[in-house]
Number of protein chains: 2
Amino acid sequence: MSAELLRAREHFIQGMSRISHFWGFSKAMGAIYGAIYLSENPVSLDELVGQVGVSKGAVSTNVRTLERLGMVHKQIQLGDRKDYYIAETDFWKIVRGVLREREQSEFDQALRTVGESMVLVEGVDEDVATAVFYRERMQAMQSFFNNLDNLVGMLIALEDLRSKSVQGLFGKKET
Amino acid sequence: MSAELLRAREHFIQGMSRISHFWGFSKAMGAIYGAIYLSENPVSLDELVGQVGVSKGAVSTNVRTLERLGMVHKQIQLGDRKDYYIAETDFWKIVRGVLREREQSEFDQALRTVGESMVLVEGVDEDVATAVFYRERMQAMQSFFNNLDNLVGMLIALEDLRSKSVQGLFGKKET
DNA sequence: TAATACGTTTAGTATAAACTAAACATATTA
DNA sequence: TAATATGTTTAGTTTATACTAAACGTATTA
C-alpha cells in the first residue's frame with residue numbers, strides 16, 4: 001500500500017482513538033474500530049494485532065466490547081477457525097447502542113440515587129427548614145434527570161425514524 | 001444537623017460524584033458541586049474542604065473548573081476576602097455550557113482530523129481501489145460528525161427555547 | 001513592617017485504568 | 001495422541017489522572 005494511504009489510515013485511526021477516549025472508552029478500542037472500519041475485507045484478531053500494534057489480549061477484550069456495543073460484527077468463515085470482524089457503518093445505530101448500553105443505565109442509577117436521598121430526607125422533623133430546602137433541591141435534580149431521560153428516549157426514537165429512511169431532518173450541513 | 005439529613009446529604013453527594021465521573025470529570029468535582037448545591041448559603045473554599053474532605057488545592061482547581069463550566073458562581077462579599085460559591089440550578093443551562101465547552105471542541109477536532117485524513121487520500125493514484133474505498137468510508141464518517149454537530153446545535157437551540165419558558169416539550173415523566 | 005488570611009501553584013504520591021506477556025482452555029489437524 | 005492454531009483470562013506492569021502537602025504570591029490587618 002502506498003505511503004500516502006498508510007499515512008491517511010494512520011491519521012484517521014489516531015482520530016478514532018481520540019474520540020474513543022473522549023467518550024470514555026479506551027484509545028485502543030477506537031483504534032481497533034478505525035482499523036476494522038478502513039478494511040475492505042473482514043479482519044482477523046491477529047491482523048488487528050499487527051495493524052494496531054497492541055497485544056492480542058488487549059485486542060481480544062476491546063473487540064469484545066465493540067461487539068457488545070454493536071460497533072463491529074463477528075463473521076465466522078466456513079472451514080476457518082479464526083474470527084473475522086467487520087465494522088457496523090450505521091453510526092446512528094451505534095449511537096443507539098451506546099446510549100442504550102451505557103447512558104441509560106447510568107441515568108437510571110442517577111435517578112435511583114437521588115430518589116434514595118429524598119427518601120432519607122422524608123420523616124425528618126427537626127431541621128425543618130433545611131429538610132424543606134433539601135427536598136426542593138433534590139426534587140429539582142430528579143426532575144431534571146427525568147427530563148434528560150425523556151430527551152434521550154426522544155433521540156433514540158428520532159434516530160429510529162431516521163433509520164427508516166425519513167430524510168432531511170439532519171442534513172443541513174451534510175457534505 | 002440531624003443524622004438523617006447528614007446521611008441524605010452524603011448519599012446525594014456520592015451520587016453526584018458518580019455522575020461526574022461518568023461524564024468524564026473528577027469525582028471530587030461532582031462532590032463539590034453537590035455540596036454547594038445542597039447549601040442554603042454561599043459556601044467558602046475552606047468550608048468545602050471541611051465538607052467534602054479533599055485538600056484545599058483540589059477544591060481550588062475543581063471549583064475553578066465548575067465555574068468555567070457555569071455550574072457554580074463566585075460571589076464576593078463586601079469586606080470579606082473569602083470567595084463564596086453558589087450553585088447554578090438551571091441544569092439545562094449547565095448542559096449548554098458543558099456542550100459548548102467540551103463536546104463542541106471535540107466534535108470540531110474530530111471533523112478536522114477526518115478532513116485531514118481525506119486530504120491525505122487525495123492525489124493517490126496507485127491503490128486506486130483502496131483509495132476509493134477510503135474516501136467513501138471517511139466521507140461517511142465526516143458526514144456523520146456533521147450531522148451530530150447539527151443535532152447538538154438543535155439541542156442547544158431547543159434548550160434555549162425551553163429556558164425562555166416554552167413549556168410542555170419535555171415534561172412527560174416529570175415528577 | 002511583620003503577621004495573618006486567603007487562593008493558587010507545584011512537586012511528589014496514590015490510585016485506577018489499560019496494557020503486556022504468558023499461561024490457559026479448547027478445538028482442529030497430523 | 002501429540003502438535004498446532006486459535007481466543008480468553010490472569011498476574012504483573014505501565015501510564016495517566018487526580019489527589020495531598022507544602023511552598024508561594026498577594027492582599028489585608030496590626
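Worth knowing before you read on, the calculation uses all heavy atoms, side chains too, and leaves out hydrogens, waters and symmetry mates. Note on naming: letters A, B, ... go to the chains in the order of the sequence lines (proteins, then strands), and numbering restarts at 1 for each one.
- Comparing dT9(D), dA18(C), dT8(C) by their nearest atom to the side chain of S60(A) picks out dT9(D).
- To the nearest angstrom, P of dA17(C) lies 14 Å from CZ of F22(B).
- Because its NZ or CZ atom is not both nearer than 6.0 Å to the ring centre of Y134(A) and within 45° of the ring axis, R9(B) does not count as a cation-pi partner of that residue.
- Put simply, CD1 on I76(B) is 14 Å from C1' on dG7(C), counting in whole angstrom units.
- Note on V54(A): it does not cluster hydrophobically with I13(A), by side-chain heavy-atom contacts below 4.5 Å among ILVMFWY residues.
- Using a 30° and 60° split on the angle between ring planes, F22(A) and F107(B) fall in the perpendicular class, above 60°.
- Atom-to-atom, CZ of F25(B) to P of dA16(D) comes out at 21 Å; the value is rounded to the nearest Å.
- For the pair H21(A) NE2 and dA17(C) P, the interatomic distance rounds to 12 Å; values are reported in whole Å.
- Atom-to-atom, CE of M29(B) to P of dC19(D) comes out at 10 Å; the value is rounded to the nearest Å.
- Residue whose closest nucleotide on DNA chain D sits further toward the 5' end, between S26(B) and Y85(A): Y85(A).
- Taking atom CG on L78(B) and atom C1' on dA27(D), their separation rounds to 16 Å, with Å as the unit.
- Residue S55(B) is classed as a base contact, given a heavy-atom separation below 4.0 Å to a base.
- In this structure, of dG7(C), dC19(C), dC19(D), it is dC19(C) that holds the atom nearest to the side chain of A58(A).
- Judged by the 6.0 Å distance and 45° axis criteria, R96(A) is not positioned over the aromatic ring of F91(A).
- Comparing atom distances between the R64(B) side chain and each of dT9(D), dT8(C), dT8(D) picks out dT8(C) as nearest.
- Whole-Å rounding puts the Q77(A) CD to dT28(C) P distance at 16 Å.
- Among the nucleotides dG7(D), dT17(D), dT6(D), the one closest to the side chain of L45(A) is dG7(D).
- A donor-acceptor contact under 3.5 Å is not formed by the side chain of K82(A) with the base of dG7(D).
- Among the nucleotides dA27(D), dT9(C), dT9(D), the one closest to the side chain of R81(B) is dA27(D).
- Nearer the 5' end of DNA chain D, as judged by each residue's closest nucleotide, is the contact made by S44(A), out of S44(A) and K27(B).
- At most 12 heavy atoms of other shown residues, nucleotides or ligands fall within 6.0 angstrom of atom CD1 in I76(A).
- Listed nucleotides dC6(C), dT8(D), dC19(C) differ in distance to D46(B); the shortest reach to its side chain belongs to dC6(C).
- What separates CG of L66(A) from C1' of dG7(D) is a distance of 16 Å, to the nearest Å.
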